[in-house]
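Working notes, structure below.
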Number of protein chains: 2
Amino acid sequence: MIQNLNEHQKEDLQEALAHGGQKVTPQREVVYAVLLAKRDHPTVDEVFQRARESMPGLSLATVYNCLETFVGCGLVRQVNHERESTRYCPNLAPHAHFRDESTGRVHDIELPDHVLTTLRSLLPSGFETEAIEISFHGHTKNSRNHTSN
Amino acid sequence: MIQNLNEHQKEDLQEALAHGGQKVTPQREVVYAVLLAKRDHPTVDEVFQRARESMPGLSLATVYNCLETFVGCGLVRQVNHERESTRYCPNLAPHAHFRDESTGRVHDIELPDHVLTTLRSLLPSGFETEAIEISFHGHTKNSRNHTSN
DNA sequence: GTGGGTGTTTAGAATGATTCAAAACCTCAA
DNA sequence: TTGAGGTTTTGAATCATTCTAAACACCCAC
Ligand SMILES: [Mn+2]
Ligand SMILES: [Mn+2]
Ligand SMILES: [Zn+2]
Ligand SMILES: [Zn+2]
């Protein structure tokens, strides 16, 4: 079901891992491939289920480990909504998330630079931002397909 | 330690609860008073500790219940940062949160209307927003006192 | 090729915030 | 006085995540 990584993606993975002195492993490849295959912000458990289709022996702990490693490398982002299970996103462009309450689905919302600039300008002096998280929640009316991928 | 609610605050509480067909109780008064007394975005447990000073028999479950009720009434907001314990905020003005990684403290950042308008304008048609959450995280340099209250 | 050393994976146990269940309690109106 | 309905309390249950320790895999020096 899940495609293997192409050369370009393999390179990205290898390079990102190398930064933190870490290596490519079969498990990491599978987990990364799962994230790229369907960019629907899966939970750890969803990643686990999908990854097991190509690697049945894979353990949940490893999925946690891989994802944590990727986040550390800046390869993927964690997405949290309230107290729900953490979801993962391989979209590296600056973007916000929209959580549809009816379906539970999470959609990427592109963020123009000027918005981030404006937001940073709201901070009192002395506040140094490392990251800004923006998340919407609501519903998506009709408008046929909002499929993430 | 914690002041009682003044008349105005009591009225706000009573009115907000009435909306959901709920009543003022001594426990709810104490919990609400704790939130107003120190607007430092306490966790449930912190609220619990503080509330027990004026009402020793109070239980943790009740604190959870009260806070959930308040959120339902729109009296207070939940504040989540990554997977940390939920914090509570009685500031009803639209605002974002800045989480200082070094101290763990959470600061309110005022949000001008135009920022929210701009953000909403980023959504594709068909997306209906119910709420927008904005949270910064980083560090606060020198700049003496960033005490929330 | 053999034996470590190092980082990775695995299974299962532990943790901890939150939720749930059921009994005790209160308030108010009949 | 009784009883219904909502609230509080205690303790147990849940469940995502983290931790622990043992098994593995890879690499290099001998
Ligand atoms: Mn590239
Ligand atoms: Mn008022
Ligand atoms: Zn995303
Ligand atoms: Zn706040």
Side-chain angles (χ1 to χ4, degrees), chain A residues 13-14 16-34 41-52 54-73 75-88 99 104 106, chain B residues 13-14 16-34 41-52 54-73 75-88 99 104 106:
Chain A
L13 177 60
Q14 134 75 40
L17 287 170
H19 268 215
Q22 278 145 126
K23 301 188 218 147
V24 177
T25 67
Q27 289 85 347
R28 284 170 180 168
E29 284 189 354
V30 169
V31 171
Y32 190 48
V34 164
H41 305 88
T43 61
V44 175
D45 224 74
E46 286 164 344
V47 172
F48 181 47
Q49 304 304 339
R50 295 177 197 175
R52 274 219 283 202
S54 20
M55 184 181 272
L58 184 69
S59 78
L60 179 59
T62 298
V63 175
Y64 273 100
N65 292 340
C66 292
L67 291 170
E68 180 184 49
T69 301
F70 296 163
V71 171
C73 294
L75 249 192
V76 312
R77 283 173 52 183
Q78 281 187 315
V79 180
N80 289 293
H81 266 92
E82 330 242 297
R83 301 234 96 229
E84 294 181 1
S85 316
T86 300
R87 296 173 176 277
Y88 291 83
R99 165 102 206 295
V106 175
Chain B
L13 175 61
Q14 134 75 39
L17 287 170
H19 267 214
Q22 278 145 127
K23 302 186 216 149
V24 176
T25 67
Q27 289 86 346
R28 286 171 179 168
E29 285 190 354
V30 170
V31 170
Y32 189 50
V34 164
H41 304 90
T43 60
V44 174
D45 224 74
E46 286 164 344
V47 172
F48 180 47
Q49 304 304 339
R50 294 176 198 176
R52 275 220 281 204
S54 21
M55 184 181 274
L58 184 68
S59 78
L60 179 58
T62 297
V63 175
Y64 273 100
N65 292 340
C66 291
L67 291 170
E68 179 184 49
T69 301
F70 295 163
V71 171
C73 295
L75 250 192
V76 312
R77 283 174 52 183
Q78 279 187 314
V79 180
N80 289 291
H81 267 93
E82 330 241 297
R83 299 235 96 230
E84 295 181 0
S85 315
T86 300
R87 296 174 175 277
Y88 291 82
R99 163 100 206 294
V106 175

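Convention: sequence-line order gives letters A, B, ...; per-chain numbering from 1.
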Mind listing the closest non-hydrogen atom pair of A/Phe48 and A/Leu58 along with its distance?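 Smallest interatomic distance, heavy atoms only, reads CE1-O, 3.3 Å.
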Atom-to-atom span, [atom1] of [X] to [atom2] of [N] - whole angstrom:
X	N	atom1	atom2	answer
A/Asn65	C/dA11	CG	P	12 Å
A/Leu60	C/dT9	CG	C1'	12 Å
A/Leu17	C/dG7	CG	C1'	13 Å

Quick test of your reading: applying side chain to side chain donor-acceptor pair (under 3.5 Å), list the pairs with at least one residue in residues 57-73 of chain B, sequence neighbours left out, ordered by first then second residue.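 Non-adjacent pairs meeting side chain to side chain donor-acceptor pair (under 3.5 Å): B/Ser59-B/Thr62.
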Please name all residues satisfying side-chain hydrogen bond (donor to acceptor under 3.5 Å, both in side chains) with [X], sequence neighbours left out, ordered by chain then number.
X	answer
B/Arg52	none
B/Gln78	B/Tyr88
A/Gln14	none

Boundaries of the DNA chain D segment in contact with chain A, non-hydrogen, under 4.0 Å: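 Terminal contacting nucleotides, 5' to 3': D/dA16 to D/dT18.
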Those residues that, when tested against A/Glu84, pass salt bridge (charged side-chain N to carboxylate O under 4.0 Å, His left out) (two or more places apart):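 With neighbours one apart ignored, the set is A/Arg99.
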Using the test salt bridge (charged side-chain N to carboxylate O under 4.0 Å, His left out), find all partners of A/Arg87 that sit at least two apart in sequence or belong to another chain.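 Checked A/Arg87 against salt bridge (charged side-chain N to carboxylate O under 4.0 Å, His left out); matches are A/Glu46.
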For C/dT9, does OP1 or OP2 lie under 4.0 Å from any side-chain N or O of A/Thr62?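 Result: no.
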Heavy atoms under 4.0 Å is the rule here; annotate nucleotides 19-30 of chain C 5' to 3' with B where the base is hit, S where only the sugar-phosphate is, and - elsewhere. B-----------
Determine whether A/Leu60 and A/Asp45 make a side-chain contact, defined as any pair of heavy atoms from C-beta on separated by less than 4.5 Å.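 A side-chain contact exists here, since the closest heavy-atom pair is under 4.5 Å.
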Can you measure from CZ (A/Arg77) to OG1 (A/Thr86) and round to the nearest 0.5 angstrom?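 Rounded to the nearest 0.5 Å, the CZ-OG1 separation comes out at 13.0 Å.
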Side-chain donor-acceptor distances from residues 26-34 of chain B under 3.5 Å, at least two apart:
unit_1  : atom_1 : unit_2  : atom_2 : d
B/Arg28 : NH1    : B/Lys23 : O      : 2.7

For A/Val44 and B/Gln22, take the nucleotide of DNA chain D holding the closest heavy atom to each; which residue's nucleotide lies nearer the 5' end?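 The 5'-side residue here is B/Gln22.
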Test your reading of the model: is there a side-chain donor-acceptor pair from A/Arg83 to the backbone of B/Arg83, 3.5 Å cut-off?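 Between the backbone of B/Arg83 and the side chain of A/Arg83 there is a qualifying donor-acceptor contact (under 3.5 Å).
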Residues within residues 80-88 of chain B bordering DNA chain C, heavy-atom distance below 4.0 Å: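 Residues of residues 80-88 of chain B that come under 4.0 Å of DNA chain C are, in numerical order, B/Ser85, B/Thr86.
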